[in-house]
Amino acid sequence: VLIPAAGSGSRFLKPEGGPRNKVLAPLAGEPALRHTVRAFHALPTVATVRIIAHPEDRAALDEAFADRSAWTKLGPWIVGGAERQDSVRLGLEALEADGGEKPDWVLVHDGARPLCSPALIHRVLTALQSHSAVVPVVPVFDTVRKAGPQATSGGVMDRTQLRLTQTPQGFHTPILVQAHRRAQADGAQATDDGHLIERMGLALHLVAGERRNIKVTIAGDLALAEWIAAHPEWGTEALLP
Ligand code: CTP
Ligand code: MG
């Protein structure tokens with residue numbers, strides 16, 4: 001499992017004296033990233049978890065995982081890059097450079113999604129038995145409208161055809177490696193890994209995401225995450241793709 005956590009949280013208004021990176025903001029009594037890692041670390045089906053981090057967060061990360069010896073599946077931090085896509089690519093390159101057995105499957109999960117349920121991870125893993133690229137999505141509940149110029153509406157989209165994308169996204173490793181190599185060669189940019197698969201003309205298999213699995217993006221999300229963390233069953237229902 002690769003956990004990109006090397007961002008700077010520019011949309012997240014930092015609380016006074018808080019950490020540089022939102023993924024280290026406190027959630028239910030510990031840095032949010034500990035929840036993210038634990039969700040995977042706790043599963044017998046997961047072999048290794050690697051955090052992709054910003055060099056400036058090294059000290060804070062070491063502090064957040066001061067009990068590091070207890071995290072037996074957590075490998076060394078990998079240094080991330082300027083964009084999320086760069087961070088994931090560097091993560092894959094680090095796996096390639098590692099000696100030893102290469103993983104057949106890789107999951108990529110946002111460090112900023114600390115509340116992902118084990119059921120969702122299992123859904124992705126189960127689908128990987130018969131598909132090489134798996135992406136969790138949720139339906140859109142609001143009416144979606146394009147923005148035109150000067151506060152005009154650019155029209156309404158058919159929301160029944162739209163889905164919001166989550167992580168963990170799961171891949172047969174060689175396919176994701178190839179997708180990142182090709183994107184790098186083409187100078188193509190994407191905000192998720194699935195998009196890089198699609199631009200090679202390959203199919204993505206969609207599975208149900210869940211409401212619980214929010215991405216902490218702006219400061220208010222942390223209060224919501226706090227509430228969700230205190231309600232372990234809330235939002236775990238599979239929302240059909
Ligand atoms: N990420 C990363 N490397 C980057 C940028 C983002 O590993 N160069 C990670 C973030 O740390 C986060 C995940 O990708 O866990 C999803 O990105 P996002 O929510 O956009 O986080 P940030 O980029 O940190 O936030 P913002 O876009 O508001 O600056
Ligand atoms: Mg970002």
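Only this structure's heavy atoms are used, side chains among them; waters, hydrogens and symmetry mates stay out. Counting convention: from 1, in listed order, for ligands and their atoms alike.
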Taking heavy atoms and a distance under 4.0 Å, where does [X] meet ligand 1: side chain, backbone, both or neither?
{"X": "H54", "value": "neither"}
{"X": "R113", "value": "neither"}
{"X": "P4", "value": "both"}
{"X": "E83", "value": "backbone"}

Exercise. Which atoms from ligand 1 have a heavy atom of A82 less than 4.0 Å away?
Worked result: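 Counting from 1, the qualifying ligand atoms are 8 (N).
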Exercise. Going by the order shown, which atoms of ligand 1 are within less than 4.0 Å of some heavy atom of G111?
Worked result: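 Close to G111: 15 (O).
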For this session: Pick out which of R182, Q189, H180 makes a side chain to side chain contact (heavy atoms under 4.5 Å, CB included) with L196.
Result: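 Among the candidates, only H180 passes.
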For this session: Return a yes/no value: protein heavy atom under 4.0 Å from atom 24 (O) of ligand 1?
Result: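 It does: a protein heavy atom is found less than 4.0 Å away from atom 24 (O) of ligand 1.
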Problem set entry | Carboxylate-amine/guanidinium proximity below 4.0 Å for R20 and D57 |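 Yes, this pair counts.
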For this session: Before accepting this row, confirm whether a basic side-chain N of the pair R58/E63 lies closer than 4.0 Å to the acidic partner's carboxylate O.
Result: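 Looking at E63 together with R58, the answer is no, because their closest N to O distance does not fall below 4.0 Å.
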For residues [X] and [Y], determine if any side-chain heavy atom of one lies less than 4.5 Å from a side-chain heavy atom of the other.
{"X": "L120", "Y": "S117", "result": "yes"}
{"X": "L43", "Y": "P118", "result": "yes"}
{"X": "R211", "Y": "L239", "result": "yes"}

Quick check: [X] and ligand 1, any N/O pair under 3.5 Å apart?
{"X": "A6", "result": "yes"}
{"X": "I52", "result": "no"}
{"X": "K215", "result": "yes"}
{"X": "K22", "result": "yes"}
{"X": "G81", "result": "yes"}

Exercise. Going by atom types only, do Q184 and R89 share a side-chain donor-acceptor pair under 3.5 Å?
Worked result: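 Side chains of Q184 and R89: pair found under 3.5 Å.
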Quick one: nearest non-hydrogen protein atom to [atom], plus distance?
{"atom": "atom 3 (N) of ligand 1", "answer": "S87 OG, 2.7 Å"}
{"atom": "atom 11 (O) of ligand 1", "answer": "G7 N, 3.0 Å"}
{"atom": "atom 27 (O) of ligand 1", "answer": "R11 NH2, 3.0 Å"}
{"atom": "atom 22 (P) of ligand 1", "answer": "G9 N, 3.7 Å"}
{"atom": "atom 16 (C) of ligand 1", "answer": "D110 OD1, 3.5 Å"}
{"atom": "atom 14 (O) of ligand 1", "answer": "R84 CG, 3.6 Å"}
{"atom": "atom 29 (O) of ligand 1", "answer": "S10 OG, 2.5 Å"}

Exercise. Counting only heavy atoms not in R163, do more than 12 fall under 6.0 Å of its CZ?
Worked result: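 Correct, the count exceeds 12.
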Problem set entry | Any G80 heavy atom less than 4.0 Å from ligand 1 |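 G80: no contact with ligand 1 (<4.0 Å).
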Problem set entry | Pairs meeting criterion salt bridge (charged side-chain N to carboxylate O under 4.0 Å, His left out) with involvement of residues 193-204, two or more places apart |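 Found R84-D193, D186-R199.
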Exercise. What about F171 and W105, are their ring centers closer than 6.0 Å?
Worked result: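 Not close enough - the centres of the two rings lie 6.0 Å or further apart.
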Problem set entry | Within 45° cone of W77 ring axis and under 6.0 Å: R68 NZ or CZ |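 Ring-cation test returns yes.
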For this session: Applying salt bridge (charged side-chain N to carboxylate O under 4.0 Å, His left out), name anything that partners R34, two or more places apart in sequence or on another chain.
Result: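 Partners of R34 under the salt bridge (charged side-chain N to carboxylate O under 4.0 Å, His left out) test: E30, D67.
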